Structures are given as structure tokens and as C-alpha cells.
Amino acid sequence: MTTSNASLLQRSLAAVWHPCTQMKQHEALPLVPVKRGEGVWLEDFDGKRYLDGVSSWWVNLFGHNHPHIKQAIKAQLDQLEHVILAGFTHEPVVRLSEQLSLLTGLGHSFYASDGASATEIALKMSFHYWRNHGETAKTRFLSLQNGYHGETLGSLSVTDIALFKDTYAPLLREESIALPSPDWRRAEPGESAEQYALRCAGQAEAYIAQHHAGIAAVIVEPLVQCATGMAMYHPVYLQRLRALCDRYQVHLIADEIAVGFGRTGTMFAIEQAGIKPDFICLSKGITGGYLPLSVVQTTQDIYAAFYDDSVTRGFLHSHSYTGNALACSAALATLDIFAQHDVLNSNRRKAGYLNRRLAAWRDLPIRHLRNTGMIWAFDVTPSRPGFQQRFYQAALQRGLLLRPVGNTVYFMPPYIISEEEMDWMLEQARGALEESL
Ligand SMILES: *Cc1c(COP(=O)(O)O)cnc(C)c1O
């Protein structure tokens, strides 16, 4: 039986439960079957191509079918695919942990396979650290309004996106509190992004000063709250938060799952604030988008609080595929690409190019055109409901994969996108926008 677009669609709807989807919508909206990928392009069984403008849900950095990453996985496959990481170790996981430590300045990498597990791990570690220090009252977590940290029950508790959270609210921890988001779109007229971030930091201080005795950690997405629709904020907020956490003995968890590995213009977004968190959570781009892997790194002080003769003072958490050797080899190959090519500077030039092109969009009815590193977004005020679906479909028809969040359209392409491809992406996006407003 040869596979065609039509046959695969039907079998997928009969057999696969797709994520983040009301499956009934697919009665009207066909799935897109993908046969292969190459660079920024995805191709279906009829040879129709789509530019992957969302980096396959923000995971892909250097394009599909990248020879170096592919080769690294193949080489590792001939050596060792996977081994239990409790009681055993292997070279890829050791090398990756060493290299990540050099990049982040944090130590001892704890691995899982997806982002939500990483944020759960950081929350549990923070709580357990305080407990090991006899601070048993520190059981709550602070997060930001409109923040996103994953959708398992613990990570959903610190997520603040109604669509994902409200239905499951009875299952979640009630003790987590969302502080005002420094998203600069919320600034008063005449108030700068920095002034607004400082005002939000003042509100955070008022809360933390009063409640710190019960708070284990603050978890934030540094610089860009992606899932809510690419809300961007001034780095001064992170500096103030770091100072508050130091003053009031609260951990700072940097959830760089979406923004890590160059997405905001620096290797990690926290570098732009010049701060060091107590925990960093990484995933998504870590393997260049090839295999599932996530990691939590922490400080020597936190690691030391678990190091003891007592088993229960240790961090008792595990996932079957922890430190998977194939995934680690993909991550090492991804770090090689950063080391061997001037990725961040090349991205800076590309971002400049796209920004100059977007300057010509001033005539369109769009608001809050914004950019941080390799992320662009703007908001629209559509004339009728259903913009998100309309735009998505109009763009797909033109061979462009973009997934608006509500009335926010964003671009988050793989770093290897060329100037010609950027031009093409903008041309199609503009056409889709004019059709769907
Ligand atoms: C995607 C994301 C997560 C969750 O990662 P999954 O791998 O989807 O579980 C957590 N935090 C942030 C900031 C993310 O963007």
C-alpha cells in the first residue's frame, strides 16, 4: 500500500489523538501530512512544501535533515542507544553535562524528556531543598500572569493560561500565585517598557516581602512569555527579581525551555539581565529539534543540600529515559554547531534583515510589532471572530506554517532561514493577513 496524503489523514484521524486539538475541528480542517523535511521546509506526499515558520513548535534550530546532527545520532546508534542512568553512566550524558555547565555556570544536570517534567523537577527540588534545611513552611510557588511552564499537573499549577488551566483547576495546587506580568504592552501611555517592568517588580516586592516565609521559588520565562503570544519584557525585571529572591531567601527558577539556545539573541535569555538563577530548565531547542530531552541545572549549594547519608534527603525522582544517549548525542551535535559557526552573530544579521523588511508593514492594521532575537510578533484587531483559524488556513494554503495565538501572529523560524526565505515568508504572511483580517 503506498501512502498518500488522503490515506494518511484518514488513518491519523482514526488512530491518533492529536495534541492541543479539538479533534472534531478536523472534520472541516484537514491535517497536514508530512513526508519529509529539509532545511526550513516540510513536504507532503504530493510534493507540496510548507515553510516551517514555527520551528515545529519552537524546537528546531538548524533546520530539518541537518547532516551533522543526523550523523551524530547515527554514530551514537552504533555504540549505545540507551542505558539506565541510575547506577550507570555513559559518555554522551557526561560530556553534555560538562558542556552545559560551561555555558550556564550551573552544575549537576538532572535529565528528563520534556519541558513539563523539567519544570516539575525544578519545583520539587526547590521545595525539597528548603525541607532539607528544616524550612518546611516553604511550600508555595510564585509565577507570572500569562506564564506557561507546561501542562502536567504540577507545571500547570504555575501556568496561567486560562484555556489550558481552567478545566483542570480542581486538580491543581491552589497555593500558587501569579504576579503581574511585565509584558510591555500593558504599560500606561508614556510609560517605557523599563519603567513598566520596574513598576511590576515593585508589585512583586510587595508580595514577596509579606509572604516569603511560605514561598519556595519564583518561576519565570526570561524575556519572552512565548505561549501566551510572545509577550516581551525588559531585562531589568529579572535583575530586580534576582535581588528580591536573594533578599528574601526564595529560589529563582529560569524556565528557558522556549527561549534557551539563542532564541532571544544570547545563548540564554538571562544573560541579557546579567543574572544567575538558582535553577535553569532547558528543553525544546536542546537537541536541535531532533529528539526529546530536557534538563534542570542548579547551584552547588542546592546540590550540596541533598548530598547526605540519608536516602530520603536525596532527590527521589526518575524518568525511564533519563539521559537517553541518542538524545544527548543530538544535543552535543547541536552545541557543536554553536561552537563551530558564529550562530548568534549570524542570527543578529538575519534579525536585522527581517526587521528592516517588517518596517514596511507600518501601513497594515497591526499593533505592538515586536522582536526579541529570533522571535517576532504583532497583534491584530480582526473585523470578525475566528481570525486564528482563518489566518492559519490562509497561510497554509500559501505553503506557510504559522500558528497564531489568539489575535497574535508570530514568526519563530529555524535559524538557518535565508534572506530569500524570509522575504517569501513575509510575502505569504502578508497575503494571508490581508485575506483573513
Ligand atoms: C513548551 C514549554 C514548556 C513545556 O515543554 P513540553 O516539552 O511541551 O512539556 C515549559 N515551559 C515553557 C516556557 C515552554 O515554552
Side-chain angles (χ1 to χ4, degrees), residues 85-86 89 93-136 138-143 149-150 152 154-155 158 176 212 215-222 238 241-261 267-271 273-284 286 293-308 310-319 322-323 328 331 335:
L85 199 66
T89 194
V93 79
V94 173
R95 281 180 53 211
L96 180 60
S97 307
E98 290 168 349
Q99 291 193 20
L100 288 174
S101 286
L102 289 176
L103 291 170
T104 60
L106 295 166
H108 283 93
S109 295
F110 195 99
Y111 290 91
S113 313
D114 54 56
S117 303
T119 55
E120 299 261 5
I121 287 164
L123 298 173
K124 281 177 72 177
M125 265 187 190
S126 171
F127 162 81
H128 198 166
Y129 168 92
W130 295 116
R131 189 185 160 87
N132 281 350
H133 274 288
E135 300 253 14
T136 50
K138 283 182 169 291
T139 59
R140 298 161 70 206
F141 301 108
L142 288 182
S143 53
H149 301 288
T152 56
S155 60
V158 290
S176 45
H212 62 91
I215 301 170
V218 186
I219 183 167
V220 294
E221 295 158 274
L238 295 170
L241 205 54
R242 176 70 273 180
L244 284 173
C245 287
D246 287 341
R247 187 170 338 136
Y248 293 106
Q249 304 249 306
V250 169
H251 289 143
L252 178 59
I253 303 172
D255 177 353
E256 295 232 10
I257 288 166
V259 296
F261 300 100
M267 194 61 173
F268 300 106
I270 45 170
E271 293 168 26
I275 60 151
K276 200 163 144 182
D278 300 289
F279 298 90
I280 191 167
C281 301
L282 303 169
S283 187
K284 292 205 165 103
I286 192 170
L293 183 72
S294 65
V295 60
V296 178
Q297 291 190 303
T298 187
T299 61
Q300 188 55 34
D301 169 50
I302 290 170
Y303 178 75
F306 291 80
Y307 201 83
D308 196 86
S310 153
V311 172
T312 55
R313 284 178 68 95
F315 188 54
L316 300 175
H317 185 103
S318 56
H319 294 287
T322 295
C328 289
L335 292 181

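Values in this document were obtained by computation on a predicted structure and should not be read as measured data. Atoms considered below: every heavy atom in the structure, side chains included; atoms not considered: hydrogens, waters and symmetry mates.
Interatomic distance, NE2 of His251 versus CE of Met125, reported as 11.0 Å (0.5 Å rounding). The structure places SG of Cys245 at 9.5 Å from CD1 of Ile253, a figure rounded to the nearest 0.5 Å. Taking CD1 of Ile121 as the start and NZ of Lys124 as the end, the distance is 8.0 Å to the nearest 0.5 Å. Distance check, rounded to the nearest 0.5 Å: CG of Leu106 to CZ of Phe268 gives 9.5 Å.
Under the side-chain contact (heavy atoms from CB on, under 4.5 Å) test applied with Ile286, the options Leu335, Val295, Ile257 reduce to a single match, Val295.
Side-chain atoms of Asp278 come within 3.5 Å of backbone N or O of Leu252 as a donor-acceptor pair. Panel note: side chain Trp130, backbone Ala216; a donor-acceptor pair is recorded below 3.5 Å. Between the side chain of Thr322 and the backbone N or O of Ala112, no donor-acceptor pair lies under 3.5 Å. Glu221 contributes no side-chain N or O that, together with a main-chain N or O of Asp255, makes up a donor-acceptor pair within less than 3.5 Å. Using modelled atom types, one side-chain atom of Thr119 and one backbone atom of Ala116 make a donor-acceptor pair closer than 3.5 Å. Between the side chain of Glu256 and the main chain of Ile270, a donor-acceptor pair closer than 3.5 Å is present. In this structure, the side chain of Lys138 engages the main chain of His212 through a donor-acceptor pair within 3.5 Å.
Taking the six-membered ring where tryptophan is involved, the planes of His128 and Phe315 are tilted, since the angle between them lies from 30° to 60°.
Nearest heavy atoms, Ser126 versus Ala217: OG-CB, 3.4 Å. Between Gln297 and Ser97, the closest heavy-atom pair is NE2-O, 4.1 Å.
With sequence neighbours excluded, the residues satisfying side-chain contact (heavy atoms from CB on, under 4.5 Å) with Phe127 are Arg131, Thr139, Phe141.
The closest side-chain heavy-atom distance from Tyr111 to Leu96 is below 4.5 Å.
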Test log, rule side chain to side chain contact (heavy atoms under 4.5 Å, CB included), inputs Leu238 and Val220: CA-CA 9 Å; Leu238 295 170; Val220 294; 3.9 Å; yes
